[in-house]
Amino acid sequence: MNSMRAEIMRNFPRPSSPQLGQMAWGSFISSLGSTFQLFAFAYIVYATTKSALATVLVGVSFAVAFGVFALPAGKIAKRFDQRRIVAIVSIAKALIYAAILALQLTDKLSVTAILISSAASGATSAIRYPCWQELLEQFSAKGRLDESDALFSSLSSITSVAGALIGGVLLDAVGPAPLFAFNVLSYLPLVLIVVRLPDDAAANAAAKAKGASAPLKAALAAMRGSAAVRMAVVFTALLELLAWPLISLLPKVASEVSSAAKTYGLLLAAFYAGAALVAVLLRRWKASEAYSRIIRLSAISSGVALAIAGIVGIAPLGTALTLAGLAIVLAAAGLGLATAQSVLSAITQLGVPKKIEGEVLGAFALITVIFGTIGASVEGYLADSLTVWWLPLVSGAFIVVATFVIGLRHGLRAFDEAQPKAGDGLQHVVRHAQSHHSTTGDLTTLAHIRKPLSVGTDENGVRDEDRFKA
């Protein structure tokens, strides 16, 4: 245990500049507030409607809005001062959630209001991402941008696990209003920090001079032209349809074990605790390890873990054993899914020309939103119509079988075409791993969109450093 703790501490990244350290503290506080907010959203919606589909729609509204605004977001980042945009968007988020707090205090909060606020948050989050990444690049020491990504992703992992656990306890004890209030106030430190950052005129001028973005059609053509990227899209669609949506069903899963909010918090924290280990895992992975082997093992392991989760729920084990068993297999599923999707995201960026990387990542984000929305909606409907435990069992088994079938019919060696030589590929994948579980601003569903979402930015893409920034 001590050796593992020491290993994690050695790999824990640190700020490469004073400004980056300030940004890290601001992001940590606001991410924790967003975790509280979104945890409460999921619990309230399910407790009110007893519908898994309604809970799923909260995340779907966020993801759809994010996808719609992802493409123009890169152009906005090129034309305006990134500091001002981040500050304005953060203030807008605070106002959105201040309205939610007011509705809660007056007993007028409804599911409709939550859906509208989630969509508004998705739009503002999309605008914020490329601007935030530009700031990370400006204030990171030369050659250490990957460490900056790791820093913010690690902090996001801490808030995701701690926020789920603490949020569950607080929600049971004091209700949602204090959680909403903390989230509103959590944006203020970040705003004050960002507006006081020095103006890097040269960096801003370079950002504005990057040129016009290529059209979406060109990005799709580039993706079709790469066998590795085509295969990455197939596997991404598989996981988006069958695996990731199951996380949005955790409120219903938790209710089958116990009605307490902290039960949901424990299961959610277990999943993200596993996902948080992906950066450490990939840092230790040999640089020569083939992408095809990584994806095969991680996809199969996550499918097996999900299938076991279904079996644990069906088996008459009692509350304590069921909860412990689910926590263990969810942690395993989180690590497997995060690893697979991190490598798939890296392959998507590495498998196309650098000059069109941003546009390809934007198209990849849209594909993710489409399949994720379909998967979440269908599984939410099925969870309301059938016993929820059959979904992870059947979905996990299908993922395992599909991985074997795809490997036999098409082979997975195409993934290795995008793998750079020496240590470059590993560093690139680690950056995606560190960004991957900094996801989407929604805990309830589609929370896996932690892939680079930049459009019209440089080859670094946009790494979603705070998944729970909603």
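Since this is a predicted model, take the numbers as computed values, not measurements. Throughout, numbering of the chain's residues begins at 1 and tracks the sequence.
Between atom CD1 of residue I85 and atom OG1 of residue T124 there is a gap of 13.0 Å, rounded to the nearest 0.5 Å. Note that CZ of R83 and CD1 of I88 are 11.5 Å apart. Values are rounded to the nearest 0.5 Å. The CD1 atom of I114 sits 12.0 Å away from atom CG of L57, with the distance rounded to the nearest 0.5 Å. Rounding to the nearest 0.5 angstrom, the gap separating the CG atom in L190 from the CD1 atom in I29 is 9.0 Å. To the nearest 0.5 Å, atoms CG (L241) and CG (L238) are separated by 7.5 Å. To the nearest 0.5 angstrom, L242 atom CG is 8.0 Å from L239 atom CG.
Contacts of F182 classified as ring pair (Phe, Tyr, Trp, His ring centres under 6.0 Å), with partners at least two apart in sequence or in another chain: F36. When the ring pair (Phe, Tyr, Trp, His ring centres under 6.0 Å) test is applied to F180, the partners found at least two apart in sequence or on another chain are F41. With sequence neighbours left out, A232 forms a side-chain contact (heavy atoms from CB on, under 4.5 Å) with L344, I347, T348, F415. In this structure, the salt bridge (Lys or Arg N to Asp or Glu O under 4.0 Å) partners of K262, at least two apart in sequence or on a different chain, are D172. The side-chain contact (heavy atoms from CB on, under 4.5 Å) test applied to A87 returns V191, V195, not counting sequence neighbours. For S301, there are no side-chain hydrogen bond (donor to acceptor under 3.5 Å, both in side chains) partners at least two apart in sequence or on another chain.
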Checklist entry - Which is it for S121 and F62 under the side-chain contact (heavy atoms from CB on, under 4.5 Å) test, yes or no, and what are the steps along the way? => result CA-CA 7 Å; S121 180; F62 178 98; 3.7 Å; yes
Next on the checklist: Using side-chain contact (heavy atoms from CB on, under 4.5 Å), reason through S90 and V86 one step at a time and then give a plain yes or no.
Outcome noted: CA-CA 6 Å; S90 298; V86 171; 4.1 Å; yes
Checklist entry - I100 and Q37: side-chain contact (heavy atoms from CB on, under 4.5 Å), yes or no, with the steps? => result CA-CA 10 Å; I100 291 295; Q37 176 87 34; 3.7 Å; yes
Next on the checklist: Could you walk me through whether K93 and S125 satisfy the side chain to side chain donor-acceptor pair (under 3.5 Å) test, starting with their C-alpha distance in whole Å, then the side-chain angles of each, then the deciding distance to 0.1 Å, before giving a yes or no?
Outcome noted: CA-CA 9 Å; K93 286 176 174 292; S125 293; 2.6 Å; yes
Next on the checklist: Could you walk me through whether V111 and L115 satisfy the side-chain contact (heavy atoms from CB on, under 4.5 Å) test, starting with their C-alpha distance in whole Å, then the side-chain angles of each, then the deciding distance to 0.1 Å, before giving a yes or no?
Outcome noted: CA-CA 6 Å; V111 173; L115 291 175; 4.2 Å; yes
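Taking all atoms of both residues into account, the shortest heavy-atom contact from I96 to S117 is CG2-CB, 3.8 Å. A299 and S302 make their closest contact through O-OG, 2.8 Å (heavy atoms, listed as atom of the first residue, atom of the second, distance). For A177 against L101, the heavy-atom pair with the smallest separation is O-CD1, 3.5 Å. Nearest approach of L249 to A52, heavy atoms of both residues: CD2-CB, 3.8 Å. Heavy-atom minimum distance, A40 versus L179: CB-CD1, 4.3 Å. Residues L165 and G265 share a closest heavy-atom pair of CD2-O, 4.1 Å.
Residues P176 and I44 have side chains in contact (heavy-atom distance under 4.5 Å, counting atoms from C-beta outward). Contact of the L306 side chain with the S395 side chain is not registered, since no non-hydrogen atoms from C-beta on lie closer than 4.5 Å. The closest side-chain heavy-atom distance from F66 to V369 is not below 4.5 Å. A heavy-atom distance below 4.5 Å is found between the side chains of V60 and S377. Counting heavy atoms from C-beta on, the side chains of E240 and P245 never come closer than 4.5 Å. Side-chain contact between Y272 and L268: present, with at least one pair of heavy atoms (C-beta onward) separated by less than 4.5 Å. A heavy-atom distance below 4.5 Å is found between the side chains of V64 and T373. Between Y43 and L171, some side-chain heavy-atom pair lies under the 4.5 Å cut-off.
A ring-centre distance under 6.0 Å is found for Y264 and F39.
K252 and S51 share no donor-acceptor pair across their side chains, judged by distance under 3.5 Å alone.
Without hydrogens or angle criteria, S31 side chain to F28 main chain gives no donor-acceptor distance under 3.5 Å. Of the possible polar contacts, one joining the N183 side chain to the S34 backbone as a donor-acceptor pair under 3.5 Å is found. Under the 3.5 Å distance criterion, the side-chain polar atoms of S27 are left unmatched by any main-chain donor or acceptor of M23. Between the S118 side chain and the V58 main chain, a donor and an acceptor come within less than 3.5 Å of each other.
Between F271 and W244, the ring planes lie perpendicular to each other; the angle is over 60°, past the 30° to 60° tilted range.
Other residues, nucleotides and ligands contribute only 12 or fewer heavy atoms inside 6.0 Å of the CZ atom of R84.
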